[in-house]
> 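Sharing a structure with you now.
All values reported here derive from a predicted model rather than from experimental measurement. Naming: A, B, ... by sequence-line order, numbering from 1 per chain.
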Amino acid sequence: MTQTPYKCIVMGREKCVEGEVKAKSRKLKKLDGGESSGDFGDLIKHSTKPMKFTEEANNEKSQKKVKTPKAEIQQVSICSDALKEETMEAFSTKKKSLKRKRVKDEPRDGSSHSVSPRLKRKTDESEEETRERHSKKRIEKSIKKEEEHHPLPKKAKRTKEEIEEAKLLKIQKKEEEEKSRWRWWEEEKYEDGVKWKSLEHNGPYFPPEYQPLPDDVHFYYDGKKMKLSAAAEEVALFFAQMLDHEYTTKKVFRENFFKDWRKEMSPEERSVIQDLDKCDFSKIHAMHKAKVEARKNLTKEEKQTLKEANQKIVEEFGYCLLDHHKERIGNFKIEPPGLFRGRGEHPKQGMLKKRIQPEEVIINCSKDARVPDPPPGHRWKEVRHDNTVTWLASWTENIQSSIKYIMLNANSKLKGEKDWEKYEIARKLKSCVDDIRNTYMRDLKSKEMVTRQRAVALYFIDELALRAGNEKEEGETADTVGCCSLRVEHITLHEQLDGNQCVVEFDFLGKDSIRYYNKVPVISKVFKSLKRFMDNKEPGDELFDRLNTSLLNKHLSSLMPGLTAKVFRTYNASITLQQQLKELSNKSDNVAEKLLSYNRANRAVAILCNHQRAPPKTFEQSMANLQAKIDARKEQLALAKSELKQAKKEAKDKGSSDGKLQAVVERKKAAVKRCEEQLLKMEVQATDREENKQIALGTSKLNYLDPRISVAWCKNMDVPIEKIYNKTQREKFAWAIDMTEADFEF
DNA sequence: AAATGAACTTAGTAATTCTCAT
DNA sequence: ATGAGAATTACTAAGTTCATTT
């Protein structure tokens, strides 16, 4: 079955308007439930984990590299030439000499507890050395090349030296980073379930204590000034700060807030404050706004000071040592208290999210590591040493009583390896997707209702990239659905629509209450089945009443180890990108056009996955601005053209041998060409932006597209990787950038 | 076999920082 | 130098999945 997965998703799609799709009589109870518990659990475990990247007959180069014994790699010292090349033409198509270059930065050195309490940057010692080692000459050369890449239209306000110096520093830093990067993808994997052997960190960072309001700022109740207790005042401030936000106008939000606020009040306050409408937060609100404004108007120096203070916190709490490598922590701050901001029609919006105390926090680190100090006067809830999980600290949040975790940054080994594994599973699906499609096509005809429902659900998941759709507890969260939890009210069947047969119209709120609206022609088998499923059901009844995600996933994992519903999203996203890139991009295009093609391919995926965004507030304006610039450039072009014509004419009249006039012609020609190029670039940009109005590319780029596809494309197309991935993204995908050759195929 | 718990990925928005034209 | 607008980063909510408990 050939598939262009994004094909059907072309019709109207809009950001959901609040309350647009309303739940009616929801009946979460199954009519019947037959979940057979085939025991695939073990099977999966064994077949996916240990062999995951090596078992395949697949002989990607990238995979071979995984097996490279690390000892070999680590011994070789830095060759500064190789290093230079790396910095300069990071992503030329030629082979990298890089592999050897690995710096064995920090031997698991015997001084086993060199793991310093403050997690001192382990490369500190070598920094000096490095700086010296890299001769000045070499660096200057680098700069020159750098500039060729990004020609600076510098109107040297500062002295040349200063600029040079800044550049120099930047380059040094870059090299430093490159050098200290942990090339974990070249190492052996750990055995099943083990996530690390050693883990040390300084614990989470706690938000500052509440600072009571200044004496001249007051809260008023029923027109009367009222001094609140600290606890009540803090919560009042949360609300006051949000007064400009739509949230504070919503009934549910206000009610939840008021209820929780009253819990924080003293008995006296509670007896007085009975009605939120009589509360006047305007002075507190004004103070807050003034504060924000004041912060904006700080002098450069003051801002710098703040920044440095912040930096210090990051230094202390933002990193950990994982297997003796310094890794960045993704979210090292305990979430501060505030009012819960659920998305969509969340029944708990406005509730008070409480301040977390150290006594509620569990610390996870290795046995031999220094246990982080709790804030003075406090103790941890628990310290455990569980190396089968990746989190450093956790606590239970009071709104949904779910657990929150402190985990590593996306550029860490732990996250990167998992990401890589995810794409490997998706590629495995590629090799058996035809069989699986045949299977569910066959299952559509099954006698068993469960099987047919499963087949239709799978058809949707595969064709439309719907999410699995777990059941949710009613009243606990916003009413959103995915595939398995679709209700009758979410689809409309059309025998005939816009010249198509058998069209299914979807209209529901998905994750984050983003509306999914789509009209899809389906095969008649699916159409007929859907009709059957809807027989005798109320709009609020479940469409797939015999099915749930666990049943579906159990089935999937029997078809292929490691296969779950979400793998289809990853697979279809990545394969679409690859196809679209092949289709849309031309080697002969210039870089701007190539990038447009890339973005279009990316966009096809974002549309497939329904990744939307609110159109930027300034969208219309900025579009108009760009158009104005284009018009201006057009005029300039016309002028340049006529000048060229004029010059040509003169040259002809005076005899073409006149060297001077000939030179003028050449100059004008060049001007016209330059103008045309700039115009084209802007027009391309305008197209790109317009097409992107309500579509968010970031999510798919970060979570669904195998980075190796993009890296290979860049190499094939001679596009520098920096055009596709920014710094953070390059760090996240370092493994892919490093290991991927031009011939990679997903 | 259903509910609950735990761990981890995916998601959009808000805040902050950067960049470029003026 | 400045300020608008773009780009990036921070934040944390909302999913999926698998394991455990009831």
> Could you tell me whether R708(A) and D706(A) have a side-chain N and a carboxylate O separated by less than 4.0 Å?
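Result for this pair is yes, salt bridge flagged.
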
> Would you mind reading off the bend of the helix from dA1(B)-dT22(C) to dT22(B)-dA1(C) from its two end axes, five pairs each, to 10 degrees?
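Between the axes fitted at each end of the helix from dA1(B)-dT22(C) to dT22(B)-dA1(C) lies an angle of 0°.
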
> Taking only N/O atoms, report every protein-nucleotides 14-17 of chain B pair under 3.5 Å with atom names and distance.
from    : atom 1 : to      : atom 2 : distance (Å)
dA14(B) : OP1    : H245(A) : NE2    : 3.4

> Centroid separation under 6.0 Å, is that true for the rings of F506(A) and Y517(A)?
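No, too far apart.
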
> Identify each atom pair where a protein N or O and an N or O of nucleotides 7-10 of chain C are less than 3.5 Å apart, giving names and distance.
from   : atom 1 : to      : atom 2 : distance (Å)
dT9(C) : OP1    : T728(A) : OG1    : 3.1
dT9(C) : OP2    : T728(A) : OG1    : 2.1

> Is any side-chain nitrogen or oxygen of Q400(A) closer than 4.0 Å to OP1 or OP2 of dA14(C)?
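For dA14(C), OP1/OP2 do have a side-chain N/O of Q400(A) under 4.0 Å.
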
> Counting only side-chain nitrogens and oxygens, does R689(A) get under 4.0 Å of the OP1 or OP2 atom of dA6(C)?
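For dA6(C), OP1 or OP2 has a side-chain N or O of R689(A) closer than 4.0 Å.
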
> Go nucleotide by nucleotide along DNA chain C from the 5' end; which of T549(A) and K353(A) gets its closest nucleotide reached first?
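With T549(A) and K353(A) compared, the 5'-side residue is K353(A).
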
> Check the phosphate of dT17(C) against N553(A), side-chain N and O only, distance under 4.0 Å to OP1 or OP2. Yes or no?
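Yes, N553(A) has a side-chain N/O under 4.0 Å of OP1/OP2 on dT17(C).
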
> Take atom NZ of K303(A) as the centre, draw a 6.0 Å sphere, and report whether it contains more than 12 heavy atoms from other residues, nucleotides or ligands.
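Counting neighbours around NZ of K303(A), more than 12 heavy atoms of other residues, nucleotides or ligands fall under 6.0 Å, so yes.
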
> Please state whether the phosphate of dG12(B), meaning OP1 or OP2, lies under 4.0 angstrom from any side-chain nitrogen or oxygen of T699(A).
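Yes, because at least one side-chain N or O of T699(A) sits under 4.0 Å from OP1 or OP2 of dG12(B).
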
> Expressed in angstrom and rounded to an integer, what is the separation of L702(A) atom CG from dC8(B) atom P?
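So the two atoms are 19 Å apart, to the nearest Å.
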
> For a quick check, tell me whether the side chain of K511(A) and the base of dT10(B) share a donor-acceptor pair closer than 3.5 Å.
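When only heavy-atom distances are counted, K511(A) does reach the base of dT10(B) through a donor-acceptor pair under 3.5 Å.
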
